[in-house]
Amino acid sequence: MHPLGLYLTSFSYQEIEKKLRMAKSTSSDAQMLIRSLRTAYAATPTNLKIIDLYVVYAIVTAVIQVVYMGVVGSFPFNSFLSGVLSCVGTAVLAVCLRIQVNKENKEFKDLPPERAYADFILCNLVLHLVIMNFLG
Amino acid sequence: MWWLLNSLNIPLSVETVCVFTAPIFSANAAWATYLLTKEVKGTGAGLTAAALLAMVPSYISRSVAGSYDNEAVAIFALILTFYFYVKTLNSGSLFYATLNALSYFYMVCSWGGYTFIINLIPMHVLLCIVTGRYSSRLYIAYAPLVVLGTLLASLVPVVGFNTVMTSEHFSSFLVFVIIHMVALVYYIKGILSPKMFKVAMTLAVTIGLTVCCAVIAIFIASVASSPTKGWSGRSLSLLDPTYASKYIPIIASVSEHQPPTWPLYFVDINVLAFLVPAGIIACFSPLSDASSFMILYLAISAYFSGVMVRLMLVLAPAACVMSGIALSEAFDVFTRSIKFQAGDINSESSIAQNDVSNVDSNATTDKSETVSKEPSRKNHEKEKEQEIVKKVTSKSQNGKKLLVLPQEVSAVVILLLIALGGFYVGHCVWTTATAYSAPAIVLKSYTPDGLRVFDDFREAYAWLQHNTDVDDKVASWWDYGYQITAMANRTVIVDNNTWNNTHIATVGAAVSSPEKAAWEIFNSLDVKYVLVVFGGLVGYPSDDIDKFIWMVRIAGGVFPHIREQDYLRDGRYHIDAHATPTMLNCLMYKLSYYRFVETEAEGFDKVRRTEIGNKKFELTHFEEAFTTEHWMVRIYKLKLPKNRIQGKLKNKSSSETYSSNQTRARNTRRNPWQ
């Protein structure tokens with residue numbers, strides 16, 4: 001083969017190889033990312049995981065309600081609103097609880113966990129009282 | 001409250017409760033101001049701010065005993081909501097977050113100005129995130145408020161679904177989403193190593209941008225489809241001050257919605273206007289979340305108070321808090337320096353001031369007053385200080401570099417500050433006594449002969465009550481609606497609470513039209529008496545002729561046949577010989593100036609300072625029923641329609657047709673033989 005032609009093909013081959021390596025690295029990076037996320041998350045204590053599960057459940061319920069409204073129509077709008085907002089509300093309150101109960105959180109070191117749970121229950125009571133009123 | 005007191009067997013009439021509600025709530029507002037400022041700075045600042053709010057004229061104007069306006073309660077709710085927000089921000093407990101939401105609900109119930117809160121708090125959250133002060137307490141303070149607050153606000157019937165439909169609330173939802181994303185980012189940053197975090201960021205940014213663009217596109221499409229882009233008229237008039245005057249004359253005509261003049265700032269918040277900048281600087285020296293919130297609150301309310309006089313009321317608590325902070329800091333500095341100079345303080349902070357104080361004590365030897373005493377005292381102090389310096393040298397790093405001023409200067413300044421406070425108190429008391437205490441119905445003026453009292457309003461209302469039938473309806477401009485209803489006990493057509501623009505425009509059209517057309521409009525409304533207020537004889541400036549421009553504008557907004565240009569000559573309103581014929585023939589002119597030439601003024605209008613144009617005329621469709629002593633209130637009765645005679649006269653009456661927009665409900669039977 002002509003030497004220049006050889007050089008050209010090898011050059012382009014190197015470029016293609018580099019691109020393939022980058023693509024592989026991003027996908028492998030993504031895999032490493034997911035793996036590290038999973039390992040880091042597995043390290044959290046169980047009670048926090050329970051709270052996280054509760055948050056996920058609340059959000060899934062909210063999504064189901066939105067889809068249902070999309071299918072059926074939003075006639076009793078206040079019921080829809082109160083339903084969705086109650087799910088989002090308990091999710092938010094659970095996240096707040098998680099923040100307060102998390103032992104690694106330095107800001108809430110001297111907050112006794114009983115106080116955090118009591119606050120959470122009180123807020124939920126108020127939230128559900130309002131929801132019941134608004135449900136129609 | 002009346003119900004509660006009655007159930008406790010304290011018999012009070014509803015009127016008493018109404019009269020005293022406002023002062024009770026303003027006392028509560030002062031207490032709430034103390035709490036708020038205590039959270040921001042400390043108890044000293046709190047007490048000063050509460051004392052300032054207790055007397056500030058702007059708030060007193062709304063909460064005088066007897067004025068049963070909802071703003072007295074609303075300002076209390078506003079300050080309370082802000083207090084709970086700041087408290088949650090500082091402490092991070094969910095309990096206060098719940099209280100925050102509940103007091104926000106109270107605010108929604110009491111005033112339409114709650115949109116101020118629901119936009120200010122998201123702005124502050126955004127400010128904190130952008131300046132890097134995000135913390136989990138911010139999340140706890142904001143997120144439950146949004147959810148609970150939206151729910152509670154939807155409970156109030158006036159607001160209803162506006163919470164999720166109008167643009168006024170969208171900022172809270174937007175910041176809700178933003179704060180969740182920021183929280184997620186911080187959480188992931190916490191559990192991942194830095195390299196992984198970078199990878200996560202690149203992934204997230206690419207995905208997030210696409211999702212964001214899609215959402216924003218949908219959002220913009222849905223909002224742009226509504227004509228005013230989802231904002232209500234009131235909010236739009238706040239954001240763009242010229243909006244109301246162009247589109248909604250009725251909102252522009254309320255005198256409270258005009259922009260305030262510069263002197264009004266001084267009248268309403270007096271000395272605080274000078275102390276507020278000092279307070280802003282004092283807030284910056286330790287910049288915490290709470291003090292940044294106060295600065296933002298002050299800035300936004302200062303802008304809005306420049307748009308509308310009524311919103312000076314929202315500025316007042318912010319100004320009081322800032323001035324309270326400024327005053328207490330100033331007092332702190334000066335009293336500390338006096339105390340130090342007197343040798344009382346032996347704490348560690350004084351040791352750090354040694355270098356500074358040595359320099360300063362040399363400077364005071366210029367003062368001529370107590371030169372003989374000072375050097376001896378200062379020598380004694382210098383020896384004491386040097387001893388202390390030898391003992392504790394390591395602790396000198398501890399205290400801040402405090403500025404210790406000479407003793408005389410501090411004493412003089414403290415006396416001046418107290419004098420400033422005295423001026424403030426004096427001004428507040430004077431304003432309250434003259435401007436806000438006098439009942440608006442009985443007017444007084446001080447003439448060279450002594451005090452002259454104008455009791456015309458009550459005279460007119462009493463005449464109405466005694467000389468008309470119970471079912472008779474009275475038409476007047478809406479300013480007097482409540483007074484007529486309460487004191488004369490007669491039905492009115494429009495009053496202070498009418499928000500139906502067309503209704504008011506109908507009355508405006510009636511008084512701007514010629515006599516016959518006006519008679520027909522009033523007859524269709526079943527009106528028996530028309531009441532006008534006229535100040536030309538005694539010089540009462542805010543009478544109906546003065547408000548006439550607004551009547552024409554509001555009527556012109558709904559009825560296109562009333563054109564403002566018809567009443568103007570060279571772009572101004574005249575009532576003298578230069579006035580346009582439309583003006584000289586309209587009902588308001590005729591009713592105000594009927595028989596005016598027969599008075600001692602002989603046709604000279606004291607308010608407008610000209611002689612009137614059309615001096616002698618007769619009223620064809622109205623007759624004068626009553627005019628008060630100083631001609632301030634004039635009541636006219638609609639004349640009954642003339643008896644119709646078949647034949648010749650009927651033709652004449654059917655040919656007198658006026659403007660075509662009047663709905664002729666009667667069917668005029670045409671004579672078939674003519």
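Letters A, B, ... mirror the listed sequences (proteins, then strands); counts begin at 1. We use all heavy atoms of the structure for the numbers below, so side chains are in, but hydrogens, waters and symmetry mates are not.
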Using 30° and 60° as the class boundaries, would you call the ring planes of Tyr297(B) and Phe116(B) parallel, tilted or perpendicular? tilted
Is Phe176(B) close to chain A through its backbone or its side chain, or both, or neither, when contacts mean heavy atoms under 4.5 Å? side chain
Measure the acute angle between the ring planes of Phe25(B) and Tyr106(B), then classify it against the limits of 30° and 60° as parallel, tilted or perpendicular. tilted
Please answer whether the main-chain N or O of Leu135(A) pairs with a side-chain N or O of Ser79(A) as donor and acceptor at a distance below 3.5 Å. yes
Are the aromatic rings of Phe82(B) and Phe293(B) close, with centres under 6.0 Å apart? yes
Is any residue of residues 55-69 of chain A within less than 4.5 Å of chain B by heavy atoms, and which ones? none
Side-chain H-bond candidate by donor/acceptor type, His180(B) with Tyr139(B), under 3.5 Å: yes
Beyond-backbone contact of Asp52(A) with Arg98(A), side-chain heavy atoms, under 4.5 angstrom: yes
Relative to chain A, which of Leu152(B), Leu148(B), Leu151(B) shows the most heavy atom pairs under 4.5 Å? Leu151(B)
Check whether more than 12 heavy atoms from other residues, nucleotides or ligands sit under 6.0 Å from atom OH of Tyr96(B), and answer yes or no. no
Would you say Asn90(B)'s side chain and Glu39(B)'s backbone share a donor-acceptor pair under 3.5 angstrom? yes
Comparing Ala101(B), Ala97(B), Ser154(B), Ala143(B) against chain A, the one with the most heavy-atom pairs below 4.5 Å turns out to be Ser154(B)
Using non-hydrogen atoms only, which part of Ile99(A) is less than 4.5 Å away from chain B: side chain, backbone, both, or neither? side chain
What I want to check is whether the side chains of Tyr85(B) and His124(B) have a donor and an acceptor closer together than 3.5 Å. yes
Kindly indicate whether the side chain of Phe134(A), heavy atoms from C-beta on, has any atom under 4.5 Å from the side chain of Leu85(A). no
Can you confirm whether Leu174(B) sits close enough to Pro122(B) that some side-chain heavy atom of one is under 4.5 Å from a side-chain heavy atom of the other? no
Using heavy atoms and a sub-4.5 Å threshold, report which of residues 86-96 of chain A line up against chain B, by residue number. Val88(A), Gly89(A), Val92(A), Leu93(A), Val95(A), Cys96(A)
